[in-house]
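Position 1 is the first residue of the sequence; numbering continues from there.
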Amino acid sequence: MASDDGPDWRERQRQAVRAHAAADEQRRAAERAEAAELVARFVAEAVRRGLPPTPLTARSYDGRGRYRTRLRGWYVDRARSRAVDTDGRFHLLTVPGGLRARLFGADPEPSPPPLVVGAGGRDGESIPLEVLLARRLDGNDGR
């Protein structure tokens, strides 16, 4: 009879962990691809509707300062902390800030768009990305 703590059991456990991690990565990649498609459709529709892109600004992590960026696009939330640029990239508009950012502007990096914005946040408020983008296109974004 095989022991539950022998080398074969350990190898089966390692394989199970690797398979679980691979399946999780595939799920995340599929979600990223779906969210990227939503963002691309948003940009195409915004351009089609003639919604003018605006210069985007970023807020410091502590929320005290606003910094200009080189980005142009559309804010997609009321807080102006998330935006889509004209190239179809999603941005969280928070940056370290400081004197350099004040003088030369900030350069926030694009991030993968989430399918659900705010999921896992402490305030409990989350919204599907598709709904958030549709609200922005319809002008119901609180601005």
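When side chains are defined from C-beta on, Arg70 counts as touching Asp107, because their heavy atoms get closer than 4.5 Å. Considering only heavy atoms from C-beta on, Arg82 stays 4.5 Å or farther from Tyr75 through its side chain. Considering only heavy atoms from C-beta on, Trp74 stays 4.5 Å or farther from Leu137 through its side chain. With contacts defined as side-chain heavy-atom distances shorter than 4.5 Å, the pair Phe90/Pro112 does not qualify. Between Leu38 and Leu115 there is a side-chain heavy-atom pair separated by less than 4.5 Å.
With Arg64 contributing its side chain and Arg59 its backbone, the two residues share no donor-acceptor pair below 3.5 Å. Side chain of Asp85 to main chain of Asp87: a donor-acceptor pair is present (N/O by atom type, distance under 3.5 Å, no hydrogens or angles).
Within a 6.0 Å sphere centred on CZ of Arg100, heavy atoms belonging to other residues, nucleotides or ligands number 12 at most.
Of all heavy-atom pairs spanning Ala58 and Pro108, the tightest one is CB-CG, 4.4 Å.
Rounding to the nearest 0.5 Å places CZ of Arg14 at 9.5 Å from CH2 of Trp9. Going from atom NE2 of His91 over to atom OG of Ser81 covers 13.0 Å, rounded to the nearest 0.5 Å. Taking CG from Leu51 and CZ from Arg136, the interatomic distance works out to 5.5 Å, rounded to the nearest 0.5 Å. Expressed to the nearest 0.5 Å, how far CD of Gln13 lies from CG of Asp8 amounts to 12.0 Å. Atom-to-atom distance recorded for Glu130:CD and Leu132:CG is 11.0 Å, nearest 0.5 angstrom. Thr69 OG1 to Leu93 CG: the interatomic distance, rounded to the nearest 0.5 Å, is 7.0 Å.
Residues Leu56 and Tyr67 do not share a hydrophobic cluster, defined by chaining ILVMFWY side chains whose heavy atoms lie under 4.5 Å apart. Grouping the Ile, Leu, Val, Met, Phe, Trp and Tyr side chains by contacts below 4.5 angstrom, directly or via other members, places Leu71 apart from Tyr61. When hydrophobic clusters are built by joining Ile, Leu, Val, Met, Phe, Trp and Tyr residues whose side-chain heavy atoms come closer than 4.5 Å, directly or via intermediates, Leu133 is grouped together with Val43.
Note on residues 31-45: pairs passing side-chain hydrogen bond (donor to acceptor under 3.5 Å, both in side chains), not counting sequence neighbours, are Glu25-Arg32, Arg27-Glu31, Glu45-Arg48, Glu45-Arg49.
In this structure, a donor-acceptor pair under 3.5 Å is present between the side chains of Arg66 and Thr57.
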Show your reasoning for whether side chain to side chain contact (heavy atoms under 4.5 Å, CB included) applies to Ile127 and Val116.
CA-CA 6 Å; Ile127 184 169; Val116 179; over 6 Å; no
Please step through side chain to side chain contact (heavy atoms under 4.5 Å, CB included) for the pair Leu129 and Val39, ending with a clear verdict.
CA-CA 9 Å; Leu129 178 63; Val39 169; 4.1 Å; yes
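Look at Arg28 and Asp24 and you find a salt bridge, because one of the NZ, NE, NH1 or NH2 atoms lies within 4.0 Å of a carboxylate O, short of that distance.
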